[in-house]
Amino acid sequence: MSGMIGDTMYVLLSCAISLDGYLDDNSGERLVLSNAADLDRVDAERAGVDAILVGAGTVRNDNPRLSVRSPARRAAREAAGKPATPLKVVLSNGELPADAAFRADGDTLVTNGSVEDVLGQLTARGVERLMVEGGGRVLTGFLASGRVDELQLVIAPFFVGDSAAPRFVHDGRFPWSKDHRATLAAVAPIGNVVLHRYLLSESAVDDHWLARAVGLSRRCPPSMTAFSVGAVVVDAAGEEIAWGYSRETDDTVHAEESALAKLADDDPRLAGATIYSSMEPCGTRRSRPRPCARLILDAGIPRVVFAYREPSTFVVGDGAEQLAGAGVTVVERPELADEVREVNRRQLASPGQ
Ligand SMILES: NC(=O)c1ccc[n+]([C@@H]2O[C@H](COP(=O)([O-])OP(=O)(O)OC[C@H]3O[C@@H](n4cnc5c(N)ncnc54)[C@H](OP(=O)(O)O)[C@@H]3O)[C@@H](O)[C@H]2O)c1
Ligand SMILES: [Zn+2]
């Protein structure tokens with residue numbers, strides 16, 4: 001939520017490693033770790049970004065083109081008013097070969113500076129989504145900067161077995177530790193390699209859990225007199241500890257209430273937890289003595305994230321104000337609000353009922 005330059009850019013790191021964590025062998029030529037299906041997946045990811053960034057080491061060793069390959073994807077980008085292939089960015093303090101393959105197709109930028117500086121330069125050029133493809137020095141710098149939203153890590157089923165080969169990451173101080181883990185969003189086998197998608201930034205993690213809460217809201221038994229809401233409680237280490245949805249256990253139970261009922265009042269994880277709700281927690285309630293905002297305060301949960309502010313259809317919605325007033329961090333992420341509205345379209349179409 002801060003206003004730092006580049007803060008709104010989505011930064012995606014993508015790379016493939018061997019089972020023993022190397023990005024390449026030590027031969028001086030490019031080692032292909034991935035398979036054809038995964039390279040096509042990477043091509044699709046490239047087609048979805050505004051810029052692709054690598055370090056000078058990768059250009060000197062691999063001489064990559066860094067282009068979108070698929071003619072259909074290039075045509076689709078052009079039809080959307082974009083260049084056929086994203087801006088190619090190379091971080092370098094020195095000379096790069098004049099005939100380097102990345103120069104052949106599309107716009108290029110050879111630059112330097114800190115991660116924050118480079119993100120600022122790219123923001124100024126209109127880049128909203130950046131894909132960082134390596135190599136080890138650049139990956140280490142980006143990961144240690146804390147400015148990465150997502151890591152797509154592919155593991156290939158073989159060993160390099162040579163400590164002189166380039167490692168995935170070098171020594172560094174990374175924002176993720178055993179007590180503050182990254183969020184595993186997906187794991188997928190692609191032929192004989194495995195793709196792991198990790199979410200690293202607070203906003204990417206929040207959107208992931210909010211999407212899960214919205215998914216739960218679709219399980220609510222239908223009602224014309226109450227909203228359909230989903231809720232998830234996630235502990236400080238990033239592990240889901242409870243979930244619930246409206247009318248899950250009786251006709252009037254709310255999502256947050258149902259999730260919290262699955263945890264003991266004195267569960268020590270509550271003190272570091274975040275509760276995600278598809279809608280703003282209610283501040284007043286007809287059917288129960290304690291509204292959800294009160295239940296969250298009584299549970300001692302310090303952080304609340306929701307997607308859609310409750311309209312005053314059934315009761316006046318001031319849950320967010322009550323929570324914030326009591327010192328809880330309240331984050332509204334309206335990115336998923338349209339989906340919440342869609343889940344509740346019937347209730348929202350009959351105001352005052
Ligand atoms: N498996 C994969 O997915 C994958 C992907 C990409 C690369 N790789 C492998 O990674 C290896 C290369 O890794 P690497 O660690 O040697 O090199 P690298 O990370 O690609 O590049 C490092 C170089 O980039 C320049 N640089 C980095 N950050 C900079 C900054 N902020 N400002 C200015 N310059 C900056 C510096 O070059 P100068 O100071 O010399 O200009 C630095 O030495 C290759 O073997 C390649 O095959 C593998
Ligand atoms: Zn409620």
Side-chain angles (χ1 to χ4, degrees), residues 13-18 21-34 38-39 42 52-64 66 89-97 102 109-119 121 131-145 151-156 160 162 164-170 193 226-231 244-247 252-260 275 277-296 304 306 310 314-315 317-319 322-323:
L13 252 67
S14 167
C15 67
I17 61 173
S18 62
Y22 291 102
L23 286 173
D24 194 1
D25 58 21
N26 198 29
S27 68
E29 274 165 41
R30 175 166 175 248
L31 171 70
V32 178
L33 286 132
S34 201
D38 185 56
L39 292 171
V42 171
I52 297 169
L53 181 148
V54 297
T58 297
V59 168
R60 292 186 193 114
N61 188 79
D62 298 2
N63 194 22
L66 303 175
V89 184
V90 179
L91 296 188
S92 180
N93 299 300
E95 289 294 305
L96 293 171
F102 80 91
L109 171 68
V110 178
T111 187
N112 56 34
S114 69
V115 168
E116 211 55 55
D117 286 343
V118 171
L119 292 177
Q121 292 171 36
M131 184 165 172
V132 178
E133 293 201 26
R137 308 244 159 239
V138 164
L139 296 172
T140 303
F142 270 82
L143 287 167
S145 78
L151 169 64
Q152 296 187 354
L153 182 67
V154 165
I155 301 190
V160 168
D162 179 356
R167 287 190 56 80
F168 163 39
V169 280
H170 301 268
V193 304
F227 291 116
S228 292
V229 181
Y245 52 84
S246 314
R247 303 179 289 290
T252 55
V253 74
H254 283 190
E256 302 91 322
E257 182 183 24
S258 192
L260 290 171
I275 187 164
S277 181
S278 60
M279 276 197 179
E280 176 188 11
C282 60
T284 47
R285 246 184 113 170
R286 296 194 196 117
S287 57
R288 292 280 216 275
R290 288 191 296 169
C292 292
R294 187 72 248 164
L295 293 173
I296 292 166
V304 176
F306 66 90
E310 183 179 12
F314 303 118
V315 286
D318 68 343
Q322 289 182 28
L323 289 160

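Whatever order the structure lists ligands and atoms in, that order sets their numbers, starting from 1.
- When heavy-atom distances to ligand 1 are checked against a 4.0 Å cut-off, Leu23 comes that close through both its backbone and its side chain.
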Point to revise | side chain to side chain contact (heavy atoms under 4.5 Å, CB included) assessment of Thr252 paired with Arg288 | key: CA-CA 8 Å; Thr252 55; Arg288 292 280 216 275; 2.5 Å; yes
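- Every heavy atom of Arg30 sits 4.0 Å or more from the atoms of ligand 1.
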Point to revise | Full working for side chain to side chain contact (heavy atoms under 4.5 Å, CB included) between Asp162 and Asp25 | key: CA-CA 7 Å; Asp162 179 356; Asp25 58 21; over 6 Å; no
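- Not close to ligand 1: Gly141, with no non-hydrogen atom less than 4.0 angstrom away.
- For ligand 1, the atoms lying closer than 4.0 Å to a non-hydrogen atom of Gly94 are 41 (O).
- Closest non-hydrogen pair, Ile155 versus Ser18, comes out as CG2-O, 4.3 Å.
- Among all non-hydrogen protein atoms, the one lying nearest atom 6 (C) of ligand 1 is Glu133 O, 3.0 Å.
- Residue contact annotation: Arg60 has a non-hydrogen atom under 4.0 Å from ligand 1.
- Proximity of Leu91 to ligand 1, defined as any heavy-atom pair under 4.0 Å, is shared by backbone and side chain alike.
- Proximity of a side-chain donor or acceptor of Gln322 to a complementary backbone N or O of Gly283 within less than 3.5 Å is detected.
- Considering backbone and side-chain N/O of Ile17, none are found under 3.5 Å from N/O of ligand 1.
- Atom 20 (O) of ligand 1 has as its closest protein heavy atom Thr58 OG1, 2.6 Å.
- Within a 6.0 Å sphere centred on CZ of Arg137, heavy atoms belonging to other residues, nucleotides or ligands number 12 at most.
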Practice item. Applying side chain to side chain contact (heavy atoms under 4.5 Å, CB included), run through Asp24 and Asp62 and close with a yes or a no. Key: CA-CA 10 Å; Asp24 194 1; Asp62 298 2; 4.1 Å; yes
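- Under a 4.0 Å criterion applied to the non-hydrogen atoms of Gly136, ligand 1 contributes the atoms 13 (O), 14 (P), 15 (O), 19 (O).
- Of all atoms in ligand 1, listed by their number and element, those nearer than 4.0 Å to a heavy atom of Asn112 are 32 (N), 33 (C).
- A side chain to side chain contact (heavy atoms under 4.5 Å, CB included) with Leu66 is found for one member of Leu53, Thr58, Val54 and no other, namely Val54.
- Checked by distance only, ligand 1 and Arg137 come closer than 3.5 Å through their nitrogen or oxygen atoms.
- Rounded to 10°, the angle formed at the Zn ion (ligand 2) by Cys282 SG and Cys292 SG is 110°.
- When the heavy atoms of Asn93, Asp62, Asp117, Val32 are ranked by distance to atom 47 (O) of ligand 1, first place goes to Asp62.
- Residues Tyr22 and Leu33 approach most closely at O-CD2, 4.1 Å, considering heavy atoms.
- At a 4.0 Å heavy-atom cut-off, ligand 1 touches Pro166 through the side chain alone.
- Val304 approaches Pro281 most closely through the heavy-atom pair CG1-CG, 3.9 Å.
- The shell of residues lying under 4.0 angstrom from ligand 1, judged by heavy atoms, includes Leu33.
- Within the 4.0 Å cut-off (strictly below), a protein heavy atom is located near atom 23 (C) of ligand 1.
- Protein non-hydrogen atoms do not reach within 4.0 Å of atom 43 (O) of ligand 1.
- Selection from Ala165, Gly57, Gly134, Cys15 by nearest heavy atom to atom 17 (O) of ligand 1 gives Gly57.
- The nearest protein atom to atom 10 (O) of ligand 1, hydrogens excluded, is given as Gly135 CA, 3.5 Å; this is a heavy-atom distance.
- One finds the CG atom of Leu153 at 9.5 Å from the CG atom of Leu13 (value rounded to the nearest 0.5 Å).
- Counting the atoms of ligand 1 from 1 in the order shown, those under 4.0 Å from a heavy atom of Gly113 are 30 (C), 31 (N), 32 (N).
- Between Ser92 and ligand 1, at least one pair of N/O atoms sits closer than 3.5 Å.
- Exactly one residue among Cys282, Pro291, Ser246, Cys292 makes a side chain to side chain contact (heavy atoms under 4.5 Å, CB included) with Glu256. That residue is Cys292.
- Checked against the Zn ion (ligand 2), the N, O or S atom of His254 at the shortest distance is ND1.
- Residue contacts with ligand 1, taken as heavy atom pairs separated by less than 4.0 Å, involve Asp24 solely via side-chain atoms from C-beta onward.
- Nearest to atom 2 (C) of ligand 1 among the protein's heavy atoms is Ala16 O, 3.5 Å.
- Which parts of ligand 1 touch Gly55 is read off a 4.0 Å heavy-atom cut-off, strictly below it: atoms 18 (P), 20 (O), 21 (O), 24 (O).
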Exercise for review: Could you go through the side chain to side chain contact (heavy atoms under 4.5 Å, CB included) check for Val42 and Ser34 one step at a time?
Suggested key: CA-CA 10 Å; Val42 171; Ser34 201; 5.7 Å; no
